Amino acid sequence: MCSPQLPSTLCGEGLGVRYYLCRMDAKKVRVRFAPSPTGGLHLGGVRTVLFNYLFAKHFGGDFILRIEDTDQTRFVEGAEEYIFNCLEWCGLVPDESAVHGGPYGPYRQSERKPLYLEYAEQLVKQGHAYYAFDTPQELEEMRTKFKTKENPSPQYNHELRGYMRNALTLGEAEVAALLATGTPYVIRIKMPEHEEIRFTDMIRGEVSFDSSLSDDKVLLKADGMPTYHLAVVIDDYLMKITHAFRGEEWLPSAPAHVLLWKYLFGLENMPQWAHLPLILKPEGNGKLSKRDGDRLGFPVFAMDWTDPRTGEAATGFKERGFLPEAFINMLAALGWNDGTAQEIFTLDELVEKFSMDRVHKGGAKFDFEKAKWFNQEWIKRLPVTHYAAKVKGMFAEKGIAIEDDAKFYTVLEMVKERCILLPDFVQQASFFFLAPVEIDTNSIKPKWTAQKNQFFIELIRAYELIPYWQHDDLEKEFKEMAAAHQIKPGDLLLPLRIMLVGGKFGPGVFDIATIIGKEDTLARIKHTLGLLEA
RNA sequence: GGAGCGUUGGUAAAGCGGUUAAUACACCUCCCUUUCACGGAGGAAUCACGGGUUCGAUUCCCGUACGCUCUACCA
């Protein structure tokens, strides 16, 4: 029996023999993600990448990234590089791609253009496709002419193609003449009538369609570029893709793809399909879009993206302060689980445990609160050194230069469980390095008394003389003095906290005092005492 | 309009013929902490509806409803 790792060339066609024991599923797993470089990389896109990656790596296979840039009108400068950057940040690096190279290139469809015509013409010869000369205007006319209440969107299908200007209605001579004079044309698939097309989806099981209900999709466009429908089949074949995952929105066009496989390469060579559930808007209905993010205040793209044409900008999960570990984990949990109560997974664990049959069928509404929880968990779990540099940069932006790394790490460690997103560290920890500008004296004033004022004046004196500036001594001194003044320590702790921190938050007060040191502690107490007098 | 896919607490979801229907997020209450957070305890679902099949259905089958996707020379 061939092992799954055995090179596919040894499994049959390479030796010119079809080995009985070497079936399709014994071939090396090869999956692909095929984005079109038209804008920011959406949450759903990253999740598709993730599932591809996890599946491939689980079986020791390859993850290929192919650029679907067949629509020249939608080319966006920088989008391709951006996609690679996102994958890099997520840690989902392709084995083969336009930048990583590989034996099945080129990995950009625009660079494979001549290939597609060949196959399209083969289909024409086989009678499974035909030339069509209808202009965009004529198509538009057809749609309005045949539009009825019952049929609001007429299709270019077996019923209507007889009314159109194509090789099926024009006659051989005329077609040849049109072709000879360079008349623009497209090649359309000729969908058969009343043929049941069925295939097994890895997530949904058996799905079937009636071929009569599908339209004669354009395979090759007038500019010579293939449409997605043709390109996906040819490239998946040529790149030896064994499993093809994509969003559920592709399900309705799957029958055309299955047919193309049947006509061109044989159903036995077709990859296993899996149509992933959609990620939906948090409230209401429909696919999650960038607009929802803007409206509800959360990111939708993996990383910041600015459209070079419109200048429109969108923030990404990365820039919002997500750790890649959390982002990936959250995405995996959106539609997949391992059947246990475990929710936090490393990439390695995901690779080990992932399986397609545990992917949920229904679409999931995106919950930003849950996404934040994953990030908080990862902040708590990871050593602070893992993200200290990033946080340091955020401090620098606020004008706080960190010089003492050891102190910085202790501080981060001390406040990490209070941080949900990376920028929270700035709020939670900057007072360790810079005296607070805003002091919430309103939280002190209502219960402020002359006795308390006196207490702090004496506390300053006592602290000035304290031999060892350390947590336990500071606390002991504080409590003894409170007792001497007959004030409950609790009534004094909050004021002290506000003096040191500026507000009602942060770790233990004496921990803070210990770290910021005698000089700063006393200065901050004095400063606030001054404010309270005024 | 048509086709396909889907439907378990507010959200994500486990369950794969017999369970007190897990768990997590969010929310509320309480404990811990004289801050905030962490941590701990508790609180919510007659599994969309109607028929079957079965001794027994959240689980299997068929309808209905609802939702989503697609219905471009875009992917």
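By convention in this document, chain letters (A, B, ...) are assigned in the order of the sequence lines, proteins followed by strands, and residues within each chain are numbered from 1. What you see is a predicted model, and the numbers here were worked out from it, not measured in a lab.
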Query raised in the report: For A:His257, which of A:Phe199, A:Phe209, A:Tyr228 qualifies under ring-ring contact (aromatic ring centres under 6.0 Å, His included)?
Result: A:Tyr228

Query raised in the report: When we call it a touch if two heavy atoms are under 4.0 Å apart, what does A:Ser153 touch: a base, just sugar-phosphate, or nothing?
Result: base

Requested in this report: Assign A:Thr340 to base, sugar-phosphate, or nothing according to its heavy-atom contacts below 4.0 angstrom with the strands shown.
Outcome: nothing

Are any protein N/O atoms closer than 3.5 Å to N/O atoms in nucleotides 28-34 of chain B? If there are, list each pair with its distance.
from, atom 1, to, atom 2, distance (Å)
B:U34, N3, A:Gly490, N, 3.3
B:U34, O4, A:Pro489, N, 3.3
B:U34, O4, A:Gly490, N, 2.6

Report task. Identify whether the distance between the nearest side-chain nitrogen and carboxylate oxygen of A:Asp440 and A:Lys504 falls below 4.0 Å. Result -> no

Query raised in the report: Choosing from B:U69, B:G1, B:U23, which nucleotide comes nearest the side chain of A:Leu278?
Result: B:U69

Requested in this report: Determine the contact category for A:Pro507: base if any of its heavy atoms lies under 4.0 Å from a base atom, sugar-phosphate if only primed atoms, P, OP1 or OP2 are that close, otherwise nothing.
Outcome: base

Report task. Assign A:Val207 to base, sugar-phosphate, or nothing according to its heavy-atom contacts below 4.0 angstrom with the strands shown. Result -> sugar-phosphate

Query raised in the report: Taking a pair as Watson-Crick or G-U wobble with both distances under 3.5 Å, which nucleotide is matched to B:C49?
Result: B:G63

Requested in this report: Flag the pair A:Arg66 and A:Glu68 as a salt bridge only when some basic side-chain nitrogen lies within less than 4.0 angstrom of an acidic carboxylate oxygen.
Outcome: yes

Report task. Would you indicate what A:Pro136 reaches in the nucleic acid, counting non-hydrogen atoms under 4.0 angstrom: base, sugar-phosphate, or nothing? Result -> base

Requested in this report: Classify the side chain of A:Lys370 versus the base of B:A24 as yes if they form a donor-acceptor pair under 3.5 Å and no if they do not.
Outcome: yes

Query raised in the report: Looking for any heavy atom pair under 4.0 Å, which part of the strands does A:Gly508 touch: base, sugar-phosphate only, or nothing?
Result: base

Requested in this report: Look at all strands and tell whether A:Asp210 reaches a base, only sugar-phosphate, or nothing, counting heavy atoms closer than 4.0 Å.
Outcome: nothing

Query raised in the report: For B:A37, which nucleotide is its Watson-Crick or G-U wobble mate, given both distances must be under 3.5 Å?
Result: none

Report summary line: Among the nucleotides B:C74, B:C25, B:C70, whichever has the atom closest to the side chain of A:Lys287 is B:C70

Query - Aromatic A:Phe354 / basic A:Arg358 pairing, under 6.0 angstrom, 45° off normal - result: no

Query raised in the report: Distance check: side-chain N/O of A:Asn337 vs OP1/OP2 of B:A13, anything under 4.0 Å?
Result: no

Query raised in the report: Expressed as a whole number of Å, how far does the C1' atom of B:A75 sit from that of B:C61?
Result: 38 Å

Query raised in the report: So what's B:G18 paired with, Watson-Crick or G-U wobble, going by both distances under 3.5 Å?
Result: B:C55

Can you check nucleotides 37-39 of chain B for protein contacts, nitrogen or oxygen pairs under 3.5 Å, and list what you find?
from, atom 1, to, atom 2, distance (Å)
B:A37, O2', A:Glu417, O, 2.5
B:A37, N3, A:Glu417, OE2, 3.4
B:C38, O3', A:Lys380, NZ, 3.2
B:G39, OP1, A:Lys380, NZ, 3.3

Requested in this report: Please work out if A:Arg204 contacts a base, only the sugar-phosphate, or nothing of the nucleic acid, heavy-atom cut-off 4.0 Å.
Outcome: sugar-phosphate

Query raised in the report: Got A:Phe317 and A:Asn375 here, is their nearest side-chain heavy-atom distance under 4.5 Å?
Result: no

Query raised in the report: Which part of the nucleic acid does A:Ala371 contact within heavy-atom distance under 4.0 Å: base, sugar-phosphate only, or nothing?
Result: nothing

Report task. Under 4.0 Å between any heavy atoms, over every strand shown, what does A:Arg198 touch: base, sugar-phosphate, or nothing? Just pick one. Result -> nothing

Requested in this report: May I ask you to say what A:Ser214 touches in the nucleic acid, namely base, sugar-phosphate or nothing, with a heavy-atom cut-off under 4.0 Å?
Outcome: nothing

Query raised in the report: How would you label the contact of A:Leu139 with the nucleic acid (heavy atoms, under 4.0 Å): base, sugar-phosphate, or nothing?
Result: base

